[in-house]
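When reading the values below, keep in mind they use all heavy atoms of this one structure, side chains included, and skip hydrogens, waters and symmetry mates. Predicted, not measured: the structure shown is a model, and the values here were computed from it. Below, chains carry the letters A, B, ... as their sequence lines are ordered, and counting in each starts from 1.
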Amino acid sequence: MSSFDPAVTEPRWQAAWENAGIFTARHDPARPKYYVLEMFPYPSGRIHMGHVRNYTMGDVVARTKAAQGYSVLHPMGWDAFGMPAENAAMEQGGHPADWTYANIDQMRAQMKPLGLSIDWSREFATCDPEYYGQQQAMFLDMLDAGIVYRKNAVVNWDPVDMTVLANEQVIDGRGWRSGAEVERRELTQWFFRISDYAEDLLTALDGLKDWPEKVRLMQANWIGRSRGLQMAFSTVGAPEGFDRLEVYSTRPDTLMGMSFAAISPDHPLARNLERHDPKVAAFNAECRRIGTSEEALEKAEKRGFDTGIRVRHPFDTALELPVYIANFILMDYGTGAIFGVPAHDQRDFEFATKYGLPIPPVFVARGADEAPLDEAFVPPKTEPVRYIRGFAGPEEQTGTDAIAAAISFCEEKGVGHGVTQYRLRDWGLSRQRYWGCPIPVVHCDACGVVPERKENLPIRLPHDVTFDQPGNPLDRHPTWRHCACPSCGKPARRETDTMDTFVDSSWYYARFTAPHAETPTDPVEAEYWMNVDQYIGGIEHAILHLLYSRFFARAMHRTGHLPAKAIEPFNALFTQGMVTHEIYMTRDAQGRPVYHLPEDVEDGKLKATGAAVTVIPSAKMSKSKKNVVDPVNIISQFGADTARWFVLSDSPPERDVEWTSSGAEAAFRHLTRVHRMAHEAAAYTSGPHPADADLARATHRAIDEVTRGIEGFAFNKAVAALYALTNAVQKSDAGAEAKRTALRTLAQLSAPMVPHLAEEAWHILGGAGLVAAAPWPKPDPALLTDDTVILPIQINGKRRSEIKVDKALPTGDVEKLVLADPEVVRFLAGASPKKLIVVPGRIVNVVL
RNA sequence: GCCCGAGUGGCGGAACGGUAGACGCAGCGGAUUCAAAAUCCGCCGCCGCAAGGUGUGUGGGUUCGAAUCCCACCUCGGGCACCA
């Protein structure tokens with residue numbers, strides 16, 4: 001009997017699959033198709049356990065669907081543009097393209113031993129000119145269709161490095177390299193009109209039945225539809241042209257509780273004032289140092305600057321209220337100006353407290369009297385409250401009703417009008433960086449902004465660039481930006497901004513259906529393969545990537561690149577958890593923490609020195625904490641099947657899984673056991689046995705549980721069912737043929753998870769052909785049900801006894817048996833029960 | 001700060017509102033072995049000799065019955081528009 005040696009068998013079966021060509025996606029109109037996609041990786045250079053988990057899950061689905069008779073598309077590619085390649089070029093020299101393609105080669109070489117059922121013939125990288133050229137073609141179509149436009153927007157500007165910084169490069173308001181205080185700068189940038197699709201993107205969420213509810217909720221909140229009042233205050237003492245101040249509020253019912261107005265530091269009025277008043281300029285500059293991220297703005301201490309300007313209250317024009325510039329007002333939302341109602345908004349409350357403004361309550365809880373507040377009173381809008389400073393609708397009403405009444409009232413009085421607003425902002429796609437898809441437009445002194453001609457695509461990135469100085473190398477390239485105007489032919493300049501990498505990942509799923517087409521998509525292939533039937537990736541992409549992809553599919557449809565059915569490109573979504581590991585730490589002489597790789601630690605001690613390590617609870621694997629397990633090492637030690645089996649075991653896929661060496665060893669042990677059992681069963685000689693029927697039952701129960709586990713994305717439960725079947729075969733007295741049959745089924749059911757071992761076992765047990773090509777087993781319903789059932793008996797909700805009854809026994813007979821049960825008799829002590837609840841086939845509860 | 005999740009034995013977890021702890025890990029006992037490894041068999045929430053009690057982050061509530069539903073809170077994680 002040969003021993004279990006994955007290092008030998010895994011490459012052998014991978015070669016067998018390749019020779020059979022069974023993973024090549026085939027456009028076969030006679031068969032239903034199934035498109036499985038995992039979020040493609042960024043080519044960092046090394047795969048990590050998170051990748052293994054993600055791709056193994058997709059592989060389980062792909063292999064199961066293939067066995068169930070679908071024509072499966074399961075592709076792989078690379079999200080290859082982005083900042084890390086430029087950072088590497090700056091830090092280590094070299095070129096982003098060389099770095100990226102070398103990383104791709106390494107990662108592909110690390111992935112192939114996993115034995116994934118991927119159609120590698122469809123592989124591409126988003127930095128391939130063949131890919132980004134088609135992206136440029138779509139950009140031009142979208143420009144033509146009015147989906148793309150230019151406007152000014154703020155960026156983080158590092159005044160020392162003279163470069164634009166990403167939010168993650170701004171640390172405590174300073175540039176990560178230069179340490180200089182970051183400024184906000186306005187640049188003219190390209191935008192997608194995603195906000196035009198806000199309503200559709202919101203309402204269509206209801207149709208995404210196979211998406212996690214939490215993702216739909218997060219997207220709905222992100223889009224943030226609100227109904228409110230837009231109105232103008234007349235101003236006193238404002239500069240010319242600012243005699244009115246437009247505000248938007250979702251709580252117009254609280255208008256009588258207003259004690260100030262506030263505008264964004266980027267509001268036109270604030271900008272006007274700062275030109276004449278150095279104090280305003282200084283305050284605004286201070287605000288702009290917070291950066292551009294909403295998180296930073298919200299967390300910053302609330303500060304304001306009294307402009308001296310006043311606004312008149314629309315319902316009491318004698319009342320004049322101060323206008324502040326405030327650092328927490330966003331220019332992008334509403335009109336960039338608000339009226340502050342401190343009694344019913346916590347931010348306004350803090351602001352009013354700080355600046356000594358009045359806090360008049362508009363409403364109080366039902367039955368309560370007006371009293372000074374020590375925090376804002378913000379009950380749910382659905383809760384009825386009593387309005388003491390209301391002006392529309394009854395005294396007692398819900399916030400929702402009061403808002404509607406306030407809008408109607410204001411519209412009647414001509415004070416303002418009801419509007420529907422969205423929090424969702426247009427998608428800025430311009431990046432002042434080299435390693436991205438060039439935006440295919442030309443700036444001509446005579447013709448303005450001119451789209452490049454499609455026949456000139458792709459506009460390729462120049463290779464001869466350097467990263468020895470900060471800023472965008474495209475800007476300082478000696479020749480690249482000089483070109484002829486596509487319209488008038490005179491000398492002109494190329495756009496040197498490139499596209500946000502979210503653009504690249506917003507349509508790769510469509511490109512996989514025809515990766516080498518001469519147009520962005522091939523209508524015939526897109527029609528057959530779209531949509532993605534199952535998309536799998538991290539929850540961190542719940543909002544941006546998925547929302548952008550949903551928008552882009554709509555934009556592609558409008559420009560003729562996708563069929564109507566593909567505007568929601570992902571039929572089903574699954575978001576998987578992270579792979580975590582304990583962190584091992586010691587301290588150096590200065591008391592600073594020093595982290596250690598798991599492979600250098602044994603029994604809580606460093607292998608090298610024997611020093612005890614501090615164990616910090618599990619966290620996401622990260623290089624800085626060194627709590628990483630390299631899949632390459634695991635594969636060389638145990639084989640790919642062990643890594644695959646581990647990441648599917650124990651934890652539910654949507655939750656984090658903690659990697660432990662004992663778990664990996666257990667996985668390996670289990671696979672070894674199955675291998676050994678296959679050999680033993682193959683050598684068995686014994687006739688039929690009465691236990692054969694029980695084993696068949698166990699087998700069919702496993703078919704049922706594993707199939708439901710896989711289809712319900714509960715791989716951990718499928719794994720548990722496979723353990724149970726393995727145990728059942730081991731303990732069974734069944735005859736040789738019955739055991740072989742059970743083990744062949746075990747091999748089939750295991751094949752999506754541990755495909756190499758499954759092939760090996762299938763082969764040993766005399767299965768025909770490849771198990772990867774064998775049809776998925778179906779459970780026999782007759783073998784799934786039991787005639788008798790154990791019925792637990794509760795007394796006052798506590799389990800006290802049980803009876804074994806025929807499943808079909810009428811409730812009346814069950815009641816008689818229950819009342820005769822010794823435990824029940826003992827508890828009743830002669831009395832009769834108050835109530836007797838029989839849930840047929842499940843439980844009995846006796847209420848005393 | 002705002003939005004969204006998650007919390008069950010020593011550990012990972014299982015459980016249509018119906019026997020809490022399936023399955024795995026660790027641990028303990030036994031078989032096999034000259035011995036060990038490997039393997040196999042059994043036990044295993046906590047308190048208790050037992051009877052029994054108790055138990056799903058905390059505190060309330062709904063229900064014949066709550067890990068599951070509702071309210072409040074605590075802790076941890078994801079996202080916050082230029083990280084991917």
Every protein N/O within reach of nucleotides 1-4 of chain B N/O, cut-off under 3.5 Å:
residue	atom	partner	partner atom	Å
B:rG1	O2'	A:Glu298	OE1	3.3
B:rC3	O3'	A:Asn221	ND2	2.8
B:rC3	O2'	A:Asn221	ND2	2.8

Contact class for [X] (heavy atom, under 4.0 Å): base, sugar-phosphate, or nothing?
X: A:Gly663; answer: nothing
X: A:Gln346; answer: nothing
X: A:Asn796; answer: nothing

How are the rings of [X] and [Y] set to each other: parallel, tilted or perpendicular (split at 30° and 60°)?
X: A:Phe551; Y: A:Trp427; result: perpendicular
X: A:Phe502; Y: A:His545; result: parallel
X: A:His670; Y: A:Trp645; result: parallel
X: A:His675; Y: A:His679; result: perpendicular

Discussion item. OP1 or OP2 of B:rC25 versus the side-chain N and O atoms of A:Thr660: is any pair under 4.0 Å?
Written reply: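 Answer no for this pair, as no side-chain N or O of A:Thr660 is under 4.0 Å from OP1 or OP2.
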Discussion item. For B:rA15 and A:Lys717 - does any side-chain N or O of the residue sit under 4.0 Å from the phosphate oxygens OP1/OP2?
Written reply: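 Yes, A:Lys717 has a side-chain N/O under 4.0 Å of OP1/OP2 on B:rA15.
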For atom [atom1], what is the distance between [N] and [M], given to the nearest Å?
N: B:rG18; M: B:rA66; atom1: C1'; answer: 10 Å
N: B:rC73; M: B:rA22; atom1: P; answer: 35 Å
N: B:rG21; M: B:rA14; atom1: C1'; answer: 7 Å
N: B:rG59; M: B:rC23; atom1: C1'; answer: 34 Å
N: B:rU19; M: B:rC4; atom1: P; answer: 32 Å

Worksheet item: Closest nucleotide of RNA chain B for A:Asp650 versus for A:Arg826: which of these residues is on the 5' side?
Response: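 Checking each residue's closest nucleotide, the 5'-ward one belongs to A:Asp650.
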Worksheet entry | Earlier contact from the 5' end, RNA chain B, for A:Ala166 and A:Pro652 |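 Going by which nucleotide is closer to the 5' end, it is A:Pro652.
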In the strands shown, is [N] matched to any nucleotide by a Watson-Crick or G-U wobble pair with both distances under 3.5 Å, and which?
N: B:rU63; answer: none
N: B:rU39; answer: B:rA31
N: B:rA72; answer: B:rU58
N: B:rG12; answer: B:rC23
N: B:rG1; answer: B:rC80

Which nucleotide in the set [options] lies at the smallest distance from any side-chain heavy atom of [X]?
X: A:Ser651; options: B:rC80, B:rG12, B:rC25; value: B:rG12
X: A:Arg669; options: B:rA26, B:rC40, B:rC83; value: B:rA26
X: A:Arg800; options: B:rC40, B:rA84, B:rG53; value: B:rG53

Worksheet item: Within 45 degrees of the axis of the six-membered ring of A:Trp211 and under 6.0 Å from its centre: does A:Arg216 put its NZ or CZ there?
Response: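 No, a cation-pi geometry is absent between A:Arg216 and A:Trp211.
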Worksheet item: Is the NZ or CZ atom of A:Arg423 positioned over A:Trp222's six-membered ring, under 6.0 angstrom from the centre and within 45° of the axis?
Response: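 Flagged: A:Arg423 positioned over aromatic ring of A:Trp222.
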Practice prompt. For residues A:Phe81 and A:Tyr132, establish whether the separation of their ring centroids is below 6.0 Å.
Written response: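 Yes, they do, as the ring centres are separated by less than 6.0 Å.
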Worksheet item: Where is the tightest heavy-atom contact between A:Arg673 and A:Gln730, given as atom of each residue plus distance?
Response: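 So the minimum-distance heavy-atom pair works out to NH1-OE1, 2.8 Å.
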Item to complete: Could you list by number each residue of residues 840-848 of chain A showing a heavy-atom separation from RNA chain B of less than 4.0 Å, or answer none if no residue does?
Response: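 A:Arg842, A:Ile843, A:Asn845, A:Val847, in order of number.
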Item to complete: Show your working on side-chain contact (heavy atoms from CB on, under 4.5 Å) between A:Phe191 and A:Gln189 and close with a plain yes or no.
Response: CA-CA 7 Å; A:Phe191 282 82; A:Gln189 312 211 57; 3.9 Å; yes
Worksheet item: Do the side-chain N and O atoms of A:Asp79 and A:Ser505 include a donor-acceptor pair separated by under 3.5 angstrom?
Response: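 Not at all, the side chains of A:Asp79 and A:Ser505 share no donor-acceptor pair under 3.5 Å.
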